Amino acid sequence: MSGDELDLEQEHLTELYAHVDALRAQAADRVEAGGDPDTVAVWKAEVSRLDGIEHGLCFGRLDMNDGTSAYIGRIGVFREADDEQLLVDWRAPLARAFYTATAADPQGVRRRRRITTRGRAVVAVDDELLDSDGTEEHLVGEAALLAAVTAERTGRMREIVTTLQAEQDAIIRSAERGVMVVQGGPGTGKTAVALHRVAYLLYTHEHLRNRGVLVIGPSRIFLDYIGQVLPGLGENRVVASTIAELGGVLEAKSADPDAERKGSARMAEEVAHAIRSRVRVPDEPVEVTFEEQVLSLDPATCRRAVCKAREAGLPHNQARLVFQDELVGSLVGSLVERMESLVLSEDGRPLDGGSADGRLSAADRNALSAAGVIVDPDDDAPREVIDSADRDALRASLLADDGVLGALDELWPELTPEQVVTDLTGGGPRTSADVPLLDEAAALLGHDAAKAVFGHVVVDEAQELSEMQWRMLMRRCPSRSMTLVGDLAQTGSPSGASSWGQVLAPHVADRWRLAELTVNYRTPSEIMAATEDLLAGTGLRPPRSVRSSGEVPWLERVPRGSLGGLVGEVVAGHAEGQLAVIAPSDLVSELASAVGAGLPVDLTDSVVVLEPGQAKGLEFDSVLIVEPAAILGGGGFGRSDLYVSMTRATRRLGVVCVGSVPEPLAGMASREPSSVVR
Ligand SMILES: Nc1ncnc2c1ncn2[C@@H]1O[C@H](COP(=O)(O)OP(=O)(O)OP(=O)(O)O)[C@@H](O)[C@H]1O
């Protein structure tokens, strides 16, 4: 590439950064100026948005057949003086051809240029001419793509905006409405695509910026791993959460022997039943003491109040108000009757012979005051003995009375979600399987009014969610605008999905669409070949690898006493990128101390030791799997745990067995003396 071309692109890039710097300075000035906190927060967010796109601001250029051209980058930039568009946002319709044009379908593009930058300097430009022989191509910008997928891992996911492929682009730009499931094998870019789709939807749909987008991930480790992607795309308005965090439980334990039962949709009935059964209709009259008088609530009155409250169709704690209203009304009635019997004869005439015109006499007032009804001394207008204002006053006194409230609580208690779930599962520390139960209870009790709902929800590793977790998420997304990404072959939770249709039917019937990703960008073909026997008989096919690495995965058997030594040897020989040792949970701390790896895991360390469940969604340059037989035999989903573990590597895979070699791995090559998972 000629130096002239580099100079030309450098000139353009410098102009772009000058504009971005001016925008940043303007936003920083507004922050400095202070004022209304909401406005300041908006300007602060703008500064951090502009900081986020600093790296790789412009990465492409399209030259069209009609002689026009456009630069493609992370945000749109206009020159104010002449309204000239200096940079087209990658999400704009005009940028689409950058990802989808091929020689067979050039879409008016003559030349696609990839611009590589380091800091603010242009370091390379690579051109593709699309007017060649028109042969079908599958990968757009193959060289740049391969450079991206073979680059060393850092423990933080990168955005892929410069090398998105056509099948990924189609999903990212798919309409916002409804539920879209993205099914794809390991390494097909599901997570990356889901995050780029979020950025696209926020750019395209104004209303989502106000209503919010929620991204659900399987663990905090995973959310930290993907945490840089959206800021790198200029988006910092997204809520990222695990299901437990969404339920406000930050420290939920993940292991729960009862998780499968707690995840079943039948628990929704049980939660509802636990709440209903706290309401009591007595068989005998209930005595209520109020200001030294004993009143009585008979069973029929209580039953009527319960029916009325249930008919209101309100959540339990709100329906309690209807119930309370009914019963207090009945108590007011009894009290009024009692008071009136003190001052009126049976046929309603004042007992003291009172005044003929209906005014209260002094004797009436004394009798009323003795019964607890205070009447304004100046008010001697004609009136009923106990009027509606007196009734209201009585009602207020009853509602302020501990004895009365205690009696009401006995019959229709005000409940908290925690009380309901304790009734069902017992006390003790909460696990993540309890969170959807707490959430279900909150909804039925009416405790969820303050809970946020979102305009769009993205769920990663969606195959892992239980039926109860789906119910919880659906409550957060009344519009049912959702992107769900996952892989049925990787389901590792006993409550997880074996069919998308089954999972979604209770919520959207068959109104959902399926998109598939078919190319594995992460795992080289040699490693995918080693997983083939694991999938045999499942009806699931592994995705096609985009490349081979030339490195054959190996397997070695060692006596138990030599395990730490061998793992230590592999770790010592590891020199490039990141290495993950993935082992059954009972070996993790032993191995972590043998190789000096930190616990809890810090994904930016060069060597990490993890259990299979924690490795979900992550990737490393090299992976060493320890004791696959124990992973495979660890519960009903061992096969998928092992499949997930094996497919985390971008380059090299080694397997160490202490016990037997699992049948599906029997065909793996032995370790050459020189082969370490470097
Ligand atoms: N078009 C692309 N250009 C560059 N890198 C890509 C592209 N698509 C995917 N990748 C890379 O491939 C790797 C796998 O992507 P990702 O983690 O999104 O896959 P996944 O389908 O979610 O995998 P899994 O189900 O195994 O967790 C990532 O490093 C991602 O950056």
Side-chain angles (χ1 to χ4, degrees), residues 56 59-60 90 98-100 114 138-172 181-198 215 217-219 221-223 225-226 228-230 232-233 458-464 483-492 515-524 527-528 531 540 542-547 577-578 580 582 603 612-621 623 640-651:
F59 51 80
W90 66 276
F98 186 75
Y99 301 107
T100 56
R114 283 171 198 284
H138 293 295
L139 298 175
V140 172
E142 193 164 350
L145 174 69
L146 290 180
V149 298
T150 52
E152 252 177 38
R153 270 30 193 181
T154 59
R156 292 285 175 262
M157 189 176 204
R158 280 176 283 235
E159 34 74 17
I160 56 170
V161 68
T162 58
T163 52
L164 281 171
Q165 296 299 298
E167 69 174 10
Q168 299 176 324
D169 182 82
I171 292 171
I172 290 166
V181 174
V182 181
Q183 158 70 42
T188 51
K190 297 182 297 298
T191 300
V193 164
L195 295 173
H196 286 68
R197 177 162 164 74
V198 168
V215 174
S219 64
I221 296 184
F222 175 84
L223 293 175
Y225 166 65
I226 64 170
Q228 302 300 313
V229 175
L230 282 166
L233 296 171
V458 171
V459 186
D460 204 332
E461 306 288 348
Q463 75 278 356
E464 303 298 344
T483 304
L484 314 176
V485 308
D487 180 13
L488 296 177
Q490 295 184 54
T491 303
E516 287 191 74
L517 289 173
T518 57
V519 178
N520 182 344
Y521 299 94
R522 174 196 303 132
T523 329
I527 297 180
M528 287 316 285
T531 68
L540 298 160
R544 174 170 58 86
S545 287
V546 78
R547 71 203 159 96
Q578 284 198 301
I582 305 181
L603 281 185
Q614 292 176 310
K616 226 165 242 296
L618 308 181
E619 63 185 18
F620 308 90
D621 299 275
V623 168
S640 82
D641 280 351
L642 186 54
Y643 181 60
V644 169
S645 305
M646 291 176 78
T647 54
R648 297 306 96 195
T650 65
R651 297 195 214 174

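Order of appearance sets the numbers: ligands from 1, and atoms from 1 within every ligand. Computed over heavy atoms, backbone and side chain alike; hydrogens, waters and symmetry mates excluded. Treat the numbers as computed from the prediction; the structure is a model and nothing was measured.
- Here Lys616 has no heavy atoms under 4.0 Å from ligand 1, in either its backbone or its side chain.
- For the residue pair Asp487 / Gln183, a side-chain donor-acceptor distance below 3.5 Å is found, with atom types taken as modelled.
- Using a 4.0 Å heavy-atom cutoff, Thr188 is listed among the residues neighbouring ligand 1.
- Taking a cut-off of under 4.0 Å to the non-hydrogen atoms of Ala192, the atoms of ligand 1 that pass are 18 (O).
- Ion pairing between a basic and an acidic side chain is recognised when a charged N comes within 4.0 Å of a carboxylate O; Arg648 and Glu619 show no such pairing.
- Distances shorter than 4.0 angstrom do not occur between any heavy atom of Ala194 and any atom of ligand 1.
- Closest approach of Arg547 to Tyr521, counting heavy atoms only: NE-O, 3.7 Å.
- Closest of all the heavy-atom pairs between Met157 and Thr191 is SD-CG2, 3.8 Å.
- At under 3.5 Å, not a single nitrogen or oxygen of Arg158, backbone or side chain, sits near a nitrogen or oxygen of ligand 1.
- Between Asp621 and Arg153 there is no salt bridge, since no side-chain nitrogen of the basic residue lies less than 4.0 Å from a carboxylate oxygen of the acidic one.
- At least one heavy atom of Leu164 sits closer than 4.0 Å to an atom of ligand 1.
- Look at Glu461 and you'll find a heavy atom under 4.0 Å from some atom of ligand 1.
- No N or O atom of Tyr225 sits closer than 3.5 Å to an N or O atom of ligand 1.
- Using a cutoff of 4.0 Å between basic side-chain nitrogens and carboxylate oxygens, Lys190 and Glu461 are not scored as salt-bridged.
- With ligand atoms numbered from 1 in the order given, ligand 1 contributes 27 (O) to contacts under 4.0 Å with heavy atoms of Gly617.
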